[in-house]
There are 2 protein chains.
Amino acid sequence: MDGRFNLDNQLCFRLYTASRLITQSYHPFLAEFGLTYPQYLVLLVLWEKDEQPVNDIAKRLMLETNTVTPLLKRMETEGILTRSKGKKDARQMIVTLTKKGCTLKEELLHVPEAVGSAVLCESLTPERVPELFAMLDGLIGQLKENQSNP
Amino acid sequence: MDGRFNLDNQLCFRLYTASRLITQSYHPFLAEFGLTYPQYLVLLVLWEKDEQPVNDIAKRLMLETNTVTPLLKRMETEGILTRSKGKKDARQMIVTLTKKGCTLKEELLHVPEAVGSAVLCESLTPERVPELFAMLDGLIGQLKENQSNP
DNA sequence: TATATTTGCATCGTGAACGATATAAATGAC
DNA sequence: GTCATTTATATCGTTCACGATGCAAATATA
């Protein structure tokens with residue numbers, strides 16, 4: 001019984017659970033505006049810089065276009081953004097926020113803080129958040145590197 | 001521009017990405033045996049203790065039964081486990097590993113180490129893994145507590 | 001300038017997640 | 001014992017993720 005299969009020794013299970021639970025904690029705030037968490041992520045990207053091709057959005061979120069395309073289509077149906085063929089490069093689809101998409105930024109202003117403060121506890125104090133960020137960034141970078149070098 | 005919406009300041013996005021990427025890194029090892037990562041998690045639970053009702057498995061994985069039931073059905077179809085009505089309580093479905101399900105434990109013995117070593121880097125050394133575990137456990141505990149106290 | 005390759009996006013199929021809802025068995029109240 | 005409530009699981013619909021594949025526009029090569 002060397003415990004290597006024990007769920008409590010698994011980093012991946014912790015990340016999987018933490019990710020699910022924190023995403024769930026966004027739900028009440030986002031559902032109010034008919035948004036899902038991945039859709040909120042797309043908004044974060046576009047609020048940062050509007051009028052981006054699908055590929056840039058996908059790269060920023062580290063997702064594939066086959067995940068992002070249907071997501072964007074649903075958001076287009078909701079009137080949050082528009083998709084139009086690129087003029088320089090006709091293969092590209094340029095994604096642009098509508099007025100509704102821009103307005104959501106104002107309406108969701110309080111969300112990051114509300115969710116952020118809800119996760120803090122004695123094991124995860126504000127001072128330790130940068131450590132957590134650094135470790136997760138290291139892990140993400142390492143995994144990205146591994147998948148580039150097969 | 002207070003950056004509260006900046007993707008790089010978001011804990012949730014980091015967890016979401018880290019979870020996806022590390023799950024992906026399990027894929028080559030599990031696909032060889034026709035398994036998905038959530039199915040692997042079910043196996044971890046059952047290898048720990050066989051013959052559990054659906055609810056116990058769901059609780060251990062912090063998932064709802066409406067997620068776990070279809071997962072178990074697919075695994076039953078694959079011949080990895082069986083589901084049978086509980087004798088004491090006819091509402092319960094007791095999940096039991098088949099010989100194939102037990103054998104997989106031997107065949108996957110090297111997986112935890114292989115994936116584990118692939119994520120280590122200078123920001124995430126073996127000595128710092130316990131810190132990461134503690135922070136994630138704190139976060140998970142906090143979020144579980146929040147959803148109990150509405 | 002033909003042709004080959006790459007790039008950007010989309011389509012398809014499968015398997016999770018999860019909110020909402022349903023059903024049957026067990027338990028509790030009276 | 002009868003009826004209400006709770007519990008254990010399942011069903012349904014929607015939205016991701018993602019591997020595999022397709023297609024057309026752009027670019028590189030001959």
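Note on naming: letters A, B, ... go to the chains in the order of the sequence lines (proteins, then strands), and numbering restarts at 1 for each one. Worth knowing before you read on, the calculation uses all heavy atoms, side chains too, and leaves out hydrogens, waters and symmetry mates.
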Practice task
Just say parallel, tilted or perpendicular for the rings of B/His110 and B/Phe29, cut-offs at 30° and 60°.
Solution key: perpendicular
Exercise for the section: Please list, chain by chain and in numerical order, all residues satisfying salt bridge (Lys or Arg N to Asp or Glu O under 4.0 Å) with A/Glu107, sequence neighbours excluded. Expected result: none
Exercise for the section: Please check if the side chain of A/Thr17 supplies one atom and the backbone of A/Arg14 the other of a donor-acceptor pair under 3.5 Å. Expected result: no
Handout entry: Proximity to DNA chain D (any heavy atom under 4.0 Å), residues of residues 13-40 of chain A only
Key = A/Thr36, A/Pro38, A/Gln39
Exercise for the section: Using only heavy-atom distances, determine whether the side chains of B/Gln52 and B/Lys49 contain a donor-acceptor pair under 3.5 Å. Expected result: no
Practice task
List in numerical order all residues of residues 52-64 of chain B for which some heavy atom is under 4.0 Å away from an atom belonging to DNA chain D.
Solution key: B/Pro53, B/Val54, B/Asn55
Handout entry: Qualifying residues under side-chain contact (heavy atoms from CB on, under 4.5 Å), relative to A/Thr36, sequence neighbours excluded
Key = A/Pro38, A/Gln39
Practice task
Keeping to residues at least two apart or across chains, list the ring-ring contact (aromatic ring centres under 6.0 Å, His included) pairs with something in residues 47-92 of chain A.
Solution key: A/Trp47-B/Phe5
Fill in the blank from the handout: Sorted by chain and residue number, the salt bridge (Lys or Arg N to Asp or Glu O under 4.0 Å) partners of B/Glu64 (sequence neighbours excluded) come out as none
Between the protein and nucleotides 2-5 of chain D, list every N/O to N/O distance that falls short of 3.5 Å.
none

Exercise for the section: Side chain of B/Thr67 only, please: which of C/dC9, D/dT11, C/dC18 is the nearest? Expected result: C/dC18
Problem - Partner residues of B/Glu48 under the side-chain contact (heavy atoms from CB on, under 4.5 Å) criterion, sequence neighbours left out - result: A/Asn6, A/Leu7, B/Arg60
Under 3.5 Å between N/O atoms: give me all the protein pairs with nucleotides 21-25 of chain D, atom names plus distance.
{"residue": "D/dA25", "atom": "N3", "partner": "A/Arg91", "partner atom": "NH1", "Å": "3.4"}

Exercise for the section: Please list, chain by chain and in numerical order, all residues satisfying side-chain contact (heavy atoms from CB on, under 4.5 Å) with B/Thr65, sequence neighbours excluded. Expected result: B/Val54, B/Asn55, B/Ala58, B/Thr69
Problem - Sidechain-backbone polar pair: B/Gln10 side chain, B/Arg4 backbone, donor-acceptor under 3.5 Å - result: yes
Handout entry: Residue met sooner reading DNA chain C from 5', once B/Lys88 and B/Met75 are mapped to nucleotides
Key = B/Met75
Exercise for the section: In whole angstrom, give the distance that lies between atom CG of A/Leu72 and atom C1' of C/dC9. Expected result: 11 Å
Practice task
May I ask you to evaluate whether B/Arg83 reaches the phosphate of D/dT9, defined as a side-chain N or O under 4.0 Å from OP1 or OP2?
Solution key: no
Completion exercise
A/Glu32 meets the side-chain contact (heavy atoms from CB on, under 4.5 Å) criterion, sequence neighbours left out, with none
Taking distance alone, no hydrogens or angles, what donor-acceptor pairs closer than 3.5 Å link side-chain atoms of residues 125-135 of chain A to residues at least two apart or in another chain?
{"residue": "A/Thr125", "atom": "OG1", "partner": "A/Glu127", "partner atom": "OE1", "Å": "3.4"}
{"residue": "A/Arg128", "atom": "NH1", "partner": "A/Ser123", "partner atom": "O", "Å": "3.4"}

